Every structure is written in structure tokens, then in C-alpha cells.
Amino acid sequence: MVSSVATEPDRQSEGRAEPLVRIDGLSVDFATPRGAIHALRDITLDVPRGKVLGLVGESGCGKSTLAYSLIGLLAENARIAGGRIDMDGQNLAQLRPREWRALRGRRISMIFQDPMTSLNPVTTIGRQMMDIQYREKGGRAEKRARAIEFLEQVQLPDAASKLDAYPHQLSGGMRQRVCIAMALLTRPDLLIADEPTTALDATLEMQIVALLRELQEKFGCSVLFVSHHLGTVAELCDEVAVMYAGEVVERGDVAQVFRDPCHPYTQALFECDPARIREATRRLPTIPGTLPDLRRPPKGCAFRARCPKAFERCETEHPPLYDAGGGQAARCHLNDPAEDRA
Ligand SMILES: Nc1ncnc2c1ncn2[C@@H]1O[C@H](COP(=O)(O)OP(=O)(O)OP(=O)(O)O)[C@@H](O)[C@H]1O
């Protein structure tokens, strides 16, 4: 384990380039008939400029809620209960629907798990790519040329002919390429990709990940990449944030976190990663236990009931994000320099 040098770094960006987005103390609740679900709790995280940030964690830990908060697409029953999302002097957490419409699809765009979520099944690809440019300058011919150019950027074969195709006439991989082209068409500063390769087979997944990396470098945008696949995150991302029960429990440089995870939850996630398990086994290991009830998050550490390393302090004291050095931080008392247990 990396030795701790200080406690509670306010931000991981200190001493580094100004991030594109600063999320500060963000909390999001969902109203339900059985009480509010505290889906995000006091999230403080930077989206670095011109880099790829991966968001990992098991199902239900709040990854999509965080992603949707950054593009103003939270469900109707969601409420931002506190905190800020700062991007270029604007607090996105307070934007009105009209202001979101001006930003979404232009400065911030998103690709979804299922390409059909964003593609209209009864309209041609060309029409959809023209519509997306309705605010852009230029005439029809220019916009059509730009649409073809972007379809070529995502390496769609015979791009011009695809303008007349309907989404169902393309394969799943091609549809996801079209979605990436549409998301990048307006040259956004931030591209959010919510499990964009989950519906694809392994070969296509690798191709799409390589394409995303290439385009991110070409366009210089920031990417928030939400994924269950640790291998994909290691391949694509520069930084990673690990979420558990609505909190960021570890964050840092992707190579550093994968080499030396500081939080027992991150360690357990890696131990359960099929790609890391070499010996022949009939059953994949899982982390014993379940996520806590987010209507009543536990008082101390949210992971303590499942943590093999938990001790008394974890029961009563909520851990802050302890600095683990080199920009890495973990929400676990074992990383407290004052704690003599490592
Ligand atoms: N509209 C909603 N109403 C009530 N609860 C919700 C709503 N959307 C999400 N939740 C709850 O909020 C928590 C976080 O969900 P979220 O979808 O963000 O997790 P996730 O990590 O993205 O999971 P997955 O990987 O399965 O998509 C979960 O407990 C989920 O059940």
C-alpha cells in the first residue's frame, strides 16, 4: 500500500492544470414512495482537461447518476441536494432547462450504452446529422460535407452512402460509431460515454475503445468514461474514480491505482475482475454482501460491512479522502497517517 502523506486533500487538482469541470460536494437524491434515495453523497472530483477519466464501481453505486448530473439529464424524481458543478465559471448544478439546452449536445455530449437511445429509428442518419448542426454556421452542402467528414473520422466504410441509411440498416458497432460521430460533430469540450461498449462483442469493444482514444487525442476533448470493465478502463483512461454507495472511495492516476489500490473496495473489485483471474475456476469470485440501503446510508464507512479489513473506527467515523501521494486518494482509515495498522 502507498504510504499516506497527508489527510483530506480538498482537490486532486492542486498543483496541476486547471480541470475542465470541478465537482464540489455534489449530492443527488431520488424521491421514492419509500423515502429519498441518497444516490450521490458529497462527491468532490475533477474532470481533467483533455484527458479521459474513468468511473468504475458495481451496479447501483451512482456512476450513471453522476454522469447524467454532468449533462443535465437526471430523472424527474431527482433533486440536486447540494454542491456545485463548475465549468468555465458556470455552476451547472443550477442551470435551468433552457440553459441546459444551449449547452447539451454542443459543449457537453453523451454516448449511451444502447445506440438506439440516441438514434431516431425512423429518420435517416444523414437527416439526424444535419439536424444536430442546426445551430452551426453554413449551408446544407457544407453541413452534409461535415457529416460525411465525421462519419469518416469514426472509420465508417463508404461514409457518404450511410447518410441515406436508417439506423436498423447498420450493425451495432456501426451504430455506435455513428453516435460517436454525432457526439463529436459539435466539437464538445466534454464527452460523456456511459458504458458505450457493453452491448458489443469483445472485438468490437476493443475497436471502439481504440477509436475513442484516437478521437479524444485528435479533438483534445475531455472524456468521462463510465464502465464495468476494468480492463477497458486501464486501456483507455488517464485517471480513474472508484465509486461505492454514492461516494468516490478512491481516485488517482489509472496506472497508479491499478498497480497499488489503496481502498479495500478497489482491491476487492480487482480481485473479482475476470481478466485478472488466471487459474481455471468454475465460479467467479464476487465481493460478499450487498450495497447498503441508500435511503439510510451507514454512519461510518459505507463499505465496512463487507470489508475484510474493517476495525472499530470504521463503525463510527466516516472516513475522509486521505491523500495517498501522487494525486491518489482513498476514503479508508487505513490510509490515515495517524493509523498504525497498515
Ligand atoms: N429515477 C430513479 N429513482 C429512484 N432511484 C433511482 C433512480 N435512478 C437511479 N436510482 C437509484 O440510485 C442509485 C444509483 O443508481 P445509478 O444508476 O446511478 O448506479 P450505477 O452505478 O450507474 O449502476 P449501473 O452500473 O447498474 O448503471 C441506485 O440505488 C439506483 O437504484
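Both counts, for ligands and for their atoms, begin at 1 and track the order of listing. Since the model is a prediction, treat every value here as computed from it, not as a measurement.
- Closest non-hydrogen pair, Leu269 versus Gly57, comes out as CD1-CA, 4.3 Å.
- At distances below 3.5 Å, not a single donor-acceptor pair connects side-chain atoms of Arg84 with backbone N or O atoms of Asn91.
- Residue Gly62 places at least one N or O, backbone or side chain, under 3.5 Å from an N or O of ligand 1.
- Heavy-atom neighbours of Glu235 CD from other residues, nucleotides or ligands within 6.0 Å: at or below the threshold of 12.
- At least one heavy atom of Glu58 sits less than 4.0 Å from an atom of ligand 1.
- Ligand 1 has His228 within reach: a non-hydrogen atom of the residue lies less than 4.0 Å from it.
- For atom 31 (O) of ligand 1, the nearest protein heavy atom lies 4.0 Å or farther away.
- One N or O on the side chain of Thr186 and one on the backbone of Gly105 form a donor-acceptor pair closer than 3.5 Å.
- By the criterion of a heavy-atom distance under 4.0 Å, the side chain of Asn77, and not its backbone, is placed next to ligand 1.
- Listed for the Asp201 side chain is a donor-acceptor partner under 3.5 Å among the backbone atoms of Leu204.
- Not a single heavy atom of Gly57 sits under 4.0 Å from any atom of ligand 1.
- Considering each of Leu291, Val28, Leu294, Thr65, the one bringing a non-hydrogen atom nearest atom 15 (O) of ligand 1 is Thr65.
- Protein heavy atom closest to atom 24 (P) of ligand 1, with residue, atom name and distance, is Ser59 OG, 3.6 Å.
- Protein heavy atoms are found inside the 4.0 Å sphere centred on atom 4 (C) of ligand 1.
- For atom 25 (O) of ligand 1, the closest heavy atom belonging to the protein is Lys63 NZ, 2.9 Å.
- Atoms of ligand 1 found under 4.0 Å from any heavy atom of Ile37, numbered from 1 in the order shown, are 5 (N).
- Of the protein's heavy atoms, Gly60 N, 2.8 Å lies nearest to atom 23 (O) of ligand 1.
- Separation of the Phe30 and Tyr68 ring centroids does not fall under the 6.0 Å cut-off.
- At a heavy-atom cutoff of 4.0 Å, ligand 1 is contacted by the side chain of Ala75 but not by its backbone.
- In this structure, a donor-acceptor pair under 3.5 Å is present between the side chains of Glu250 and Thr266.
- In terms of heavy-atom proximity, Asp88 sits nearest to Arg107 at OD2-NH2, 2.6 Å.
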Query raised in the report: Given Arg213 and Asp238, is the salt bridge (charged side-chain N to carboxylate O under 4.0 Å, His left out) satisfied, shown in steps?
Result: CA-CA 10 Å; Arg213 182 85 243 188; Asp238 301 293; 3.4 Å; yes
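- Numbered from 1 in the order shown, with element, the atoms of ligand 1 that lie under 4.0 Å from a heavy atom of Ser64 read 17 (O), 18 (O), 20 (P), 22 (O), 27 (O).
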Report task. For the pair Asp131 and Arg127, evaluate salt bridge (charged side-chain N to carboxylate O under 4.0 Å, His left out) and give the outcome as yes or no after the intermediate values. Result -> CA-CA 6 Å; Asp131 287 350; Arg127 177 80 258 157; 3.0 Å; yes
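- Atom 9 (C) of ligand 1 has as its closest protein heavy atom Phe30 CE1, 3.5 Å.
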